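Reading through the structure tokens given below for one structure.
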Amino acid sequence: MENLPKICVDTTDAFMTTERFGTREEVIRWIKKVGIDNKVTVIISRSDTETGKRGRSNKIIFGCDKGGKHKISDSGTQSASKKCGCPFKIRSTPTKDGSGWKIDVKYGLHNHGLPDRLEGHSFIGRLTTDEKQHVVDLAKRHVAPRNILLSLQDKFPENVTRITQVYKHKSVIEKEIRGPRSEIQHLFKLIEDAGYVYWSRKQDDSEVVREIFWAHPDSVKLLNIFPIVLVMDSTYKTNKYRQPLFEIVGMTSTELTFAVGFAYMSKQRIFAGFHINKNVGAKCKQHVVNDLQKTIDTLWMEVVWASDEVEYGQRLHQLEQACVDYSGFINYVKDTWLTPHRHRFVGP
């Protein structure tokens, strides 16, 4: 006791018990609970199982998360570890009379101060098996992470998990569900399984998806009933994919709104792709004979969705050739849209 450090916290009495535990799992749960109650982060520093070989016996050695020493790198610098050689040690072994596992506090002192609270601690905040299953059950019901955390704290009063642990485990769940599929492959699977109407466009000749549009079948039914008012808008790269999310919203006769469809787009070409097509289609009907209207419309869309300067020039030339006899239409397209808003058709 003469060499005690300046900071010394004694937790011996808290962990002293004559209770016998039926399994090692019960020992671990009890130790963890007492540790949380006393602001001590207890870890398993060693665990062994009897195998019949010499030196192997059933035992668990618990320590403090601050046990051990800083590691010195080859450069001579210390790591950012919080270890300070804490001597705290508890040993648990089965009793000789077979009454269960016993707990023996070998050293209940800590050479450091204890925190006021353990909430947010990376080790203490780990989810138990039961807590993980609770997260799985709620995540399947599409419960928001913040509400999952509230439910965890309500169901498990001793839980000190933070929202970051919930997000991390939710991410693990999503990866397990997705399996070997990539995120975009899994998205297509979900869309197809749910019977969505969708369309996608790949980048050049690669397998990289550049744009994708999807709409729920019920949304299509509503659109057919209420096609008069449509509101279109996009968010500019505020999602994890750094792509504009385009959204179309419809309105019923009772002034209720409904989602029509959504699209991820690789460029800010929403203005060209959706806003002006109706006007161009109407002008085409005025100047072009019926038999060629569909062909002209297809060529126009190829100009709209040109992926680069070269493709844009090629598609525009094809459109001009097809409209040799319809100068009124091609002049309208160029003067009204292509010339003043060219940057909206071909991205940088």
Side-chain angles (χ1 to χ4, degrees), residues 1 3-5 7-69 81-137 152-162 165-166 168-169 172:
M1 294 296 180
N3 298 322
L4 290 177
I7 299 178
C8 181
V9 180
D10 191 352
T11 60
T12 302
D13 292 342
F15 291 93
M16 290 288 288
T17 181
T18 58
E19 185 177 352
R20 296 294 181 261
F21 303 89
T23 63
R24 67 169 60 218
E25 287 73 23
E26 292 180 16
V27 174
I28 295 172
R29 282 197 294 268
W30 187 87
I31 290 288
K32 181 179 178 180
K33 179 181 182 303
V34 175
I36 292 174
D37 292 343
N38 291 272
K39 308 299 185 295
V40 179
T41 306
V42 182
I43 64 172
I44 298 176
S45 56
R46 182 178 176 184
S47 180
D48 207 351
T49 304
E50 185 177 4
T51 61
K53 294 183 179 180
R54 184 178 179 182
R56 301 294 298 272
S57 61
N58 290 323
K59 64 182 175 183
I60 309 174
I61 306 298
F62 297 94
C64 176
D65 70 327
K66 296 183 183 296
K69 298 180 180 180
S81 171
K82 297 179 180 179
K83 297 181 181 297
C84 59
C86 180
F88 177 82
K89 181 179 179 182
I90 295 178
R91 178 187 176 94
S92 180
T93 58
T95 59
K96 293 182 179 180
D97 61 7
S99 59
W101 287 68
K102 64 179 181 178
I103 290 177
D104 182 18
V105 181
K106 293 297 184 181
Y107 202 85
L109 300 177
H110 300 265
N111 63 352
H112 55 86
L114 300 179
D116 294 331
R117 57 191 302 187
L118 287 177
E119 181 179 355
H121 192 287
S122 59
F123 181 82
I124 294 296
R126 290 178 182 175
L127 296 167
T128 65
T129 302
D130 291 339
E131 291 168 348
K132 287 180 179 179
Q133 186 58 49
H134 190 63
V135 174
V136 171
D137 295 339
L152 277 172
Q153 294 170 343
D154 182 59
K155 187 176 178 65
F156 306 96
E158 297 172 358
N159 179 277
V160 291
T161 299
R162 299 188 71 178
Q165 272 90 6
V166 175
K168 286 179 181 179
H169 190 60
V172 171

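Small disclaimer: the values here were computed from a predicted structure and weren't measured.
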Spacing of Leu109 atom CG and Cys64 atom SG [to the nearest 0.5 Å]: 11.5 Å

Step-by-step side chain to side chain contact (heavy atoms under 4.5 Å, CB included) determination, Lys132 to Val172: CA-CA 10 Å; Lys132 287 180 179 179; Val172 171; over 6 Å; no

Close side-chain approach of Lys33 and Asp37, heavy atoms under 4.5 Å: yes

Short side-chain to backbone donor-acceptor contact, Arg46 and Ile44, under 3.5 Å: no

Contact summary for Lys83 and Asp65, nearest pair of heavy atoms: NZ-O, 3.8 Å

Residues Ile103, Phe62; criterion side chain to side chain contact (heavy atoms under 4.5 Å, CB included); working and verdict: CA-CA 10 Å; Ile103 290 177; Phe62 297 94; over 6 Å; no

Plane angle bin for Phe15 and Trp30 - parallel if under 30°, tilted between 30 and 60°, otherwise perpendicular: perpendicular

Short side-chain to backbone donor-acceptor contact, Asp97 and Ser99, under 3.5 Å: yes

Atom pair CD (Gln165) and CD (Glu131), whose distance is rounded to the nearest 0.5 Å: 10.5 Å

Non-hydrogen side-chain atoms of Gln133 and Val136 separated by less than 4.5 Å: yes

Nearest heavy atoms of Thr93 and Asn58, plus distance in Å: CG2-O, 3.7 Å

Shortest non-hydrogen separation from Asn111 to Cys84 and the atoms involved: ND2-O, 2.9 Å

From CA spacing to verdict: side chain to side chain contact (heavy atoms under 4.5 Å, CB included), Leu114, Asn38: CA-CA 9 Å; Leu114 300 179; Asn38 291 272; 5.7 Å; no

For the student: nearest non-hydrogen atoms of Pro87 and Tyr107, plus distance: CG-CE2, 3.3 Å

Sidechain-backbone polar pair: Ser47 side chain, Ile60 backbone, donor-acceptor under 3.5 Å: no

Lys102 backbone acceptor or donor facing Ser92 side chain under 3.5 Å: yes

Neighbour count above 12 (heavy atom, 6.0 Å) for Lys89 NZ: no

Main-chain N/O of Gly108 paired with Thr11 side-chain donor or acceptor, under 3.5 Å: yes

Shortest non-hydrogen separation from Thr12 to Asp10 and the atoms involved: OG1-OD1, 2.6 Å

Atom pair NZ (Lys59) and CG (Asp104), whose distance is rounded to the nearest 0.5 Å: 13.0 Å

Minimum heavy-atom distance between His112 and Val9, given as atom pair plus value: O-CG2, 3.5 Å

